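Let me begin by presenting the structure, written as structure tokens, before commenting on it.
All values derive from a computational prediction rather than experimental measurement.
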Amino acid sequence: MRKIAVLTSGGDAPGMNAAIRGVVRCACSRGMEVYGIERGYQGLINGNLYRMDSRSVSDTIQKGGTILKTARCPEFNTEEGIKKGADVLSAYGIEGLVVIGGDGSFRGMRDLSNKHGIICMGIPGTIDNDLGYTDYTLGFDTAVNTVLDAMNKIRDTMTSHDRACIIEVMGRHCGDIALYSGIAGGAESIIVPELPFDIDEMCNKMKKNIIKGKVSDIIVLAEGVGSCIDLKKEITDRTGITVRTVKLGYIQRGGTPSMQDRVLAARCADRAVELLYNDSKESKVIGIKRNKIIDLPIDEALEIKKVFNKEMLEVASRLAH
Ligand code: ADP
Ligand code: F6P
């Protein structure tokens, strides 16, 4: 293929710009033409695309967000919406598309490919780390480091006042942000949607912690379980312990991408472009397994269920002793 396009879709994630830059530069270095599509599938349907070259992505590798902007596009969930998108690509003579996004974006890409024969390559871009076929997604490492930075600060003040605090983190239905930040930040409890959680057991632990002389108690709560306000009420009703809450929210999606996310973006982009350049006959998604870049057919990848790392949660529980 000699003419391709790239878009970002769904929630933005740090490292998306590094991936766009990787796609544009790897394609230009092979003599391919590249178009940037603005605002994800919405921009594709509306025909918002422009020609990019190596200089269009100067000074972007370190930036959070996405220079191509992103959107959630309900119209792309319909047959007509997907057809409009395919028509725009064919009007421009674009032969291949790189989609940087999460599970929803990949489902859109699969429809575009299966129903209209457009060859697409997916690069996993979401802070949630909720895709089963890859060990990591772009943005996850940065988001966890952002949570850790906040946790360190929260711990300072909670320790000074001998207080307990619930920190609610993002992740949609996935507990990975809570799990990794909880372990790395030394949380006393980590609550995730993938595993049942016993509130009475946690409350007893909090009471014992006070007796044992633990001066602060940090509970990391994944948003997929529920809200920190509801949990606070349940704990206070059961124990009488005063609990503070912090919902970290969108700061987890912003900021300069970490080394891990930039390197992952570069490696995934290079593979995506290589597959398009070599005229791949099927649409694929790129990922990383045991530090090796992998690609596999989109249909196959979307069937792979995300497996929660239960052993890591057990380690966290021993560390909180
Ligand atoms: P993410 O890609 O981060 O999971 P979303 O789930 O919001 O984010 O999906 C991003 C966009 O992908 C949606 O707004 C929609 O345009 C498209 N999309 C999601 N699911 C589907 C689907 N089943 N079929 C077609 N398009 C979809
Ligand atoms: O998928 C990324 C994510 O930040 C989730 O962690 C969160 O649940 C969701 O997007 C928030 O979406 P919105 O930007 O629509 O509020």
Side-chain angles (χ1 to χ4, degrees), residues 1 4-13 15-16 18-20 22-23 26 37 40-41 44 66 70 72-73 76-77 82 85-86 89 95-141 143 171-177 193-194 224 260-261 263-309:
M1 291 175 200
I4 66 170
V6 56
L7 62 79
T8 49
S9 166
D12 65 334
M16 280 185 163
I20 296 166
V23 169
C26 292
I37 300 171
Y41 294 126
L44 175 61
T66 158
T70 185
R72 296 206 164 94
C73 170
F76 212 72
N77 286 13
I82 294 168
L89 291 173
E95 303 157 287
L97 175 67
V98 180
V99 172
I100 306 167
D103 182 74
S105 305
F106 284 180
R107 287 180 196 280
M109 166 187 138
R110 180 185 55 185
D111 290 350
L112 192 60
S113 174
N114 291 352
K115 293 179 182 153
H116 299 278
I118 313 276
I119 300 296
C120 304
M121 297 297 153
I123 294 179
T126 165
I127 63 165
D128 300 338
N129 208 36
D130 58 351
L131 294 166
Y133 77 91
T134 180
D135 287 345
Y136 296 107
T137 57
L138 295 184
F140 172 67
D141 183 65
R172 211 176 278 196
H173 306 297
C174 180
D176 275 20
I177 295 180
E194 290 87 348
Q260 290 283 1
D261 282 330
V263 172
L264 180 60
R267 295 175 75 193
C268 288
D270 185 59
R271 175 67 62 87
V273 171
E274 182 189 26
L275 287 163
L276 292 176
Y277 182 77
N278 289 330
D279 295 324
S280 173
K281 294 286 171 277
E282 57 182 345
S283 291
K284 293 185 156 189
V285 288
I286 322 298
I288 185 160
K289 275 272 170 199
R290 294 183 196 86
N291 203 26
K292 293 258 179 304
I293 295 297
I294 55 157
D295 58 75
L296 67 169
I298 177 77
D299 289 313
E300 208 180 291
L302 286 177
E303 289 302 311
I304 300 174
K305 294 261 173 303
K306 168 86 184 172
V307 178
F308 183 75
N309 194 330

[X] side, atom [atom1]; [Y] side, atom [atom2] - distance, nearest 0.5 Å:
{"X": "Leu264", "Y": "Phe140", "atom1": "CG", "atom2": "CZ", "result": "12.0 Å"}
{"X": "Glu282", "Y": "Asn114", "atom1": "CD", "atom2": "CG", "result": "10.5 Å"}
{"X": "Lys284", "Y": "Ile298", "atom1": "NZ", "atom2": "CD1", "result": "12.0 Å"}
{"X": "Thr137", "Y": "Ile100", "atom1": "OG1", "atom2": "CD1", "result": "13.0 Å"}
{"X": "Leu97", "Y": "Leu7", "atom1": "CG", "atom2": "CG", "result": "5.0 Å"}
{"X": "Asp141", "Y": "Tyr136", "atom1": "CG", "atom2": "OH", "result": "8.5 Å"}

task = Not counting sequence neighbours, which residues clear salt bridge (Lys or Arg N to Asp or Glu O under 4.0 Å) with Asp12? List them please.
result =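 Testing Asp12 for salt bridge (Lys or Arg N to Asp or Glu O under 4.0 Å), a comparison that skips the adjacent residues, returns Arg253.
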
request  = Just jot down the salt bridge (Lys or Arg N to Asp or Glu O under 4.0 Å) partners of Asp135, sequence neighbours excluded, or say none.
outcome  =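 With sequence neighbours excluded, Asp135 shows a salt bridge (Lys or Arg N to Asp or Glu O under 4.0 Å) to Lys289, given in chain and number order.
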
Evaluate the side-chain proximity of [Y] to [X]: yes if any heavy-atom separation is below 4.5 Å, no if none is.
{"X": "Met109", "Y": "Phe76", "answer": "no"}
{"X": "Met121", "Y": "Ser280", "answer": "yes"}
{"X": "Leu131", "Y": "Val285", "answer": "no"}
{"X": "Leu112", "Y": "Cys120", "answer": "yes"}

Restricting to side chain to side chain donor-acceptor pair (under 3.5 Å), what partner residues turn up for [X], sequence neighbours left out?
{"X": "Thr70", "value": "none"}
{"X": "Asp103", "value": "Arg107"}
{"X": "Ser113", "value": "Ser283"}
{"X": "Arg172", "value": "none"}

Between [X] and [Y], which heavy-atom pair has the shortest distance, and what is it?
{"X": "Ala269", "Y": "Val23", "value": "CB-N, 3.5 Å"}
{"X": "Arg267", "Y": "Lys292", "value": "NH2-CA, 4.3 Å"}
{"X": "Ala265", "Y": "Gly15", "value": "CB-O, 3.6 Å"}
{"X": "Ala13", "Y": "Gly139", "value": "CB-CA, 4.1 Å"}

What residues form a side chain to side chain contact (heavy atoms under 4.5 Å, CB included) with [X], not counting sequence neighbours?
{"X": "Asn278", "value": "Glu274"}
{"X": "Asn309", "value": "Leu179, Glu311, Met312"}
{"X": "Tyr277", "value": "Arg2, Arg30, Met32"}
{"X": "His116", "value": "Ile82, Lys83, Ala86, Ile118"}

message = With salt bridge (Lys or Arg N to Asp or Glu O under 4.0 Å) as the rule and sequence neighbours excluded, what pairs involving residues 109-123 come up?
response =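 Only Glu79-Lys115 qualify under salt bridge (Lys or Arg N to Asp or Glu O under 4.0 Å).
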
query = Is there any salt bridge (Lys or Arg N to Asp or Glu O under 4.0 Å) pair reaching into residues 297-306, and which pairs are they, with sequence neighbours excluded?
reply =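 Salt bridge (Lys or Arg N to Asp or Glu O under 4.0 Å) check on residues 297-306 returns Asp176-Lys306.
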
Ile119/Leu276 under side-chain contact (heavy atoms from CB on, under 4.5 Å): CA gap, chis, key distance, verdict = CA-CA 8 Å; Ile119 300 296; Leu276 292 176; 3.9 Å; yes

request  = Spell out, as yes or no, whether a donor-acceptor pair under 3.5 Å connects the side chain of Arg271 to the backbone of Ile286.
outcome  =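 Absent.
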
ask   = Knowing that exactly one of Leu275, Ile123, Ile20 qualifies, which makes a side chain to side chain contact (heavy atoms under 4.5 Å, CB included) with Val98?
value =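 Only match with Val98 under side chain to side chain contact (heavy atoms under 4.5 Å, CB included): Ile123.
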
task = Kindly indicate, with the supporting measurements, whether the criterion side-chain contact (heavy atoms from CB on, under 4.5 Å) is fulfilled by Ile304 and Leu296.
result = CA-CA 11 Å; Ile304 300 174; Leu296 67 169; 3.9 Å; yes

inquiry  = If you apply the rule side-chain contact (heavy atoms from CB on, under 4.5 Å), what do you find for Ile37 with Leu89, and how did you get there?
reply    = CA-CA 10 Å; Ile37 300 171; Leu89 291 173; 4.3 Å; yes

